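Computed from a predicted model, the values in this text were never measured in an experiment. Below, read A as the first sequence line, B as the second, and so on, with proteins coming before strands; counting in each chain starts at 1.
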Number of protein chains: 2
Amino acid sequence: MATQDRLIESTQELLWERGYVGTSPKAIQQRAGVGQGSMYHHFDGKPDLAAAALRRSAEQMRAVAEADLAGPGTAHDRVAAYLRRERDVLRGCRIGRMAQDPEVVADPRLRAPVEETFDWLRGRIAEVIAEGQAAGDLRPGAEPADLAAAVVAVVQGGYVLARAADSAEPFERAVRGALALLAAHRTD
Amino acid sequence: MATQDRLIESTQELLWERGYVGTSPKAIQQRAGVGQGSMYHHFDGKPDLAAAALRRSAEQMRAVAEADLAGPGTAHDRVAAYLRRERDVLRGCRIGRMAQDPEVVADPRLRAPVEETFDWLRGRIAEVIAEGQAAGDLRPGAEPADLAAAVVAVVQGGYVLARAADSAEPFERAVRGALALLAAHRTD
DNA sequence: GTCTATATGATGATAGAC
DNA sequence: GTCTATCATCATATAGAC
């Protein structure tokens with residue numbers, strides 16, 4: 001693998017594990033097996049490298065979500081598939097985690113991929129829900145964009161509860177609760 | 001105000017704004033208007049002071065939530081009041097934020113108040129929902145603990161979406177979505 | 001109890017050899 | 001392109017005067 005790619009991949013991992021503030025250039029270099037100069041040759045510095053890593057993580061997260069949302073079955077099935085997807089719950093969300101970091105939120109280059117990912121995800125789920133309402137699969141009346149935001153929030157909040165408890169259980173409960181609420185919106 | 005209290009309060013604010021990793025003893029001292037020696041006289045170090053600050057924030061968060069959950073109205077009304085409470089959305093949750101910090105999660109003294117707060121909150125909301133089901137206010141069948149976890153997750157996830165978007169809108173949408181889903185579980 | 005040195009290591013980056 | 005100095009600054013604490 002090329003040096004750039006190794007640097008980006010190491011940064012993706014470290015941002016996930018330790019956040020932006022907790023990730024040092026030195027740690028990135030060591031994990032990538034690369035010297036100082038090499039990193040600063042390919043990237044302007046920590047923010048530049050982090051931006052590249054976040055863009056790549058965002059792409060990957062979109063692809064994984066799209067696989068569930070474009071899958072087979074009714075709208076309800078596809079949203080349920082998204083909620084039920086197997087996740088490494090205690091590691092949290094690579095993208096959602098960044099929203100807690102003040103330096104990420106303050107830097108437009110770092111926040112952009114985070115914002116775009118959730119905008120896309122909420123919009124995509126809203127689309128599925130709207131289809132379901134139009135097809136008579138889901139009860140009409142509720143605003144699809146609101147329901148979509150709630151679905152995404154349950155997952156992101158589930159991660160928070162799981163890490164707080166050091167256990168996947170609260171995440172699984174939150175998902176089951178959301179599914180129970182959604183089931184009442186089915187018409188079949 | 002006593003020096004200890006000023007230190008604890010400054011630490012509460014800084015943990016909220018910058019997280020545990022991002023909060024330095026120096027910053028705490030400066031905000032409290034206190035010298036180095038003074039801080040180390042009253043507390044063993046950063047972890048000790050942070051633990052005291054988190055315990056106090058946890059107490060305060062419990063009291064605020066209990067005010068909504070013990071309020072007037074049906075079970076549905078009280079859960080809705082909790083969801084609808086006015087929040088400083090872009091600042092996020094003082095307690096939930098800590099769950100993202102690896103050093104907090106790794107240190108039992110720091111994680112304990114976080115875990116206990118969410119355990120209590122999920123349990124308390126589950127109690128209210130169970131009451132509502134027993135009273136015929138809420139549709140029976142769904143597991144109260146699951147619904148409670150979903151409700152708490154919507155709020156915590158709402159904060160994540162809001163900070164990602166640098167706007168309160170996704171939070172408000174998520175709450176509206178959750179309310180729409182809950183409304184379908186009312187029996188009146 | 002509070003303050004001002006002082007110490008040790010990490011952070012984020014630059015300089016310049018190879 | 002990659003490496004090894006080197007640097008200024010910050011983080012976290014200890015020591016000891018007052």
Item to complete: May I ask you to say whether R78(B) pairs ionically with E131(B), meaning some side-chain N is under 4.0 Å from a carboxylate O?
Response: yes

Worksheet item: Does a sphere of radius 6.0 Å around CZ in R18(B) hold more than 12 heavy atoms from other residues, nucleotides or ligands, not counting ones at 6.0 Å or beyond?
Response: no

Fill in: L15(B), L14(B), I8(B) screened by side chain to side chain contact (heavy atoms under 4.5 Å, CB included) with Q12(B), the one that passes
I8(B)

Worksheet item: Taking the side chain of P47(A) as its heavy atoms from C-beta onward, which of dA13(C), dT2(C), dT14(D) lies nearest to it?
Response: dA13(C)

Worksheet item: Considering only dC3(D), dT2(C), dT12(D), which nucleotide approaches the side chain of K46(B) most closely?
Response: dT12(D)

Response to the item:
Closest of dA13(C), dT2(D), dT14(D) to the Q36(A) side chain is dA13(C)

Practice prompt. May I have the distance from L14(B) (atom CG) to dT12(D) (atom P), rounded to whole angstrom?
Written response: 12 Å

Practice prompt. Return the nearest nucleotide to the side chain of K26(A); candidates are dT11(C), dT14(C), dT4(C).
Written response: dT11(C)

Discussion item. Rounded to whole Å, how long is the line connecting atom CG of D44(B) with atom C1' of dT14(D)?
Written reply: 13 Å

Worksheet item: Given atom CZ of F43(B) and atom P of dT2(C), what is their separation to the nearest angstrom?
Response: 11 Å

Worksheet item: Should the pair E17(A)-R31(A) be classified as a salt bridge under the 4.0 Å nitrogen-to-oxygen rule?
Response: yes

Response to the item:
From CG of L49(B) across to C1' of dA11(D) the rounded distance in Å is 15 Å

Item to complete: Using whole Å, report how far OH of Y20(A) lies from P of dT11(C).
Response: 14 Å

Worksheet item: Choosing from dC3(C), dT2(C), dC3(D), which nucleotide comes nearest the side chain of H42(B)?
Response: dT2(C)

Worksheet, complete the sentence: Against the side chain of S24(A), the closest entry in dT11(C), dT12(D), dT2(C) is dT11(C)

Worksheet entry | For atom CE of M39(B) and atom P of dT14(D), their distance in whole Å | 10 Å

Worksheet item: To the nearest angstrom, how far is Q29(B) atom CD from dG1(C) atom P?
Response: 18 Å

Worksheet item: Counting just side-chain N and O atoms, does T3(A) come under 4.0 Å of either OP1 or OP2 of dT2(D)?
Response: yes

Worksheet item: Over how many whole Å does the gap from H41(B) atom NE2 to dC18(D) atom C1' extend?
Response: 14 Å

Item to complete: Take R56(A) and D5(A) through the side-chain contact (heavy atoms from CB on, under 4.5 Å) test and state the conclusion after the steps.
Response: CA-CA 10 Å; R56(A) 187 171 295 185; D5(A) 283 323; 2.9 Å; yes

Discussion item. Let's see if you can work this out: which of dT2(C), dT14(C), dA13(D) has an atom nearest to the side-chain heavy atoms of Y40(A)?
Written reply: dT14(C)

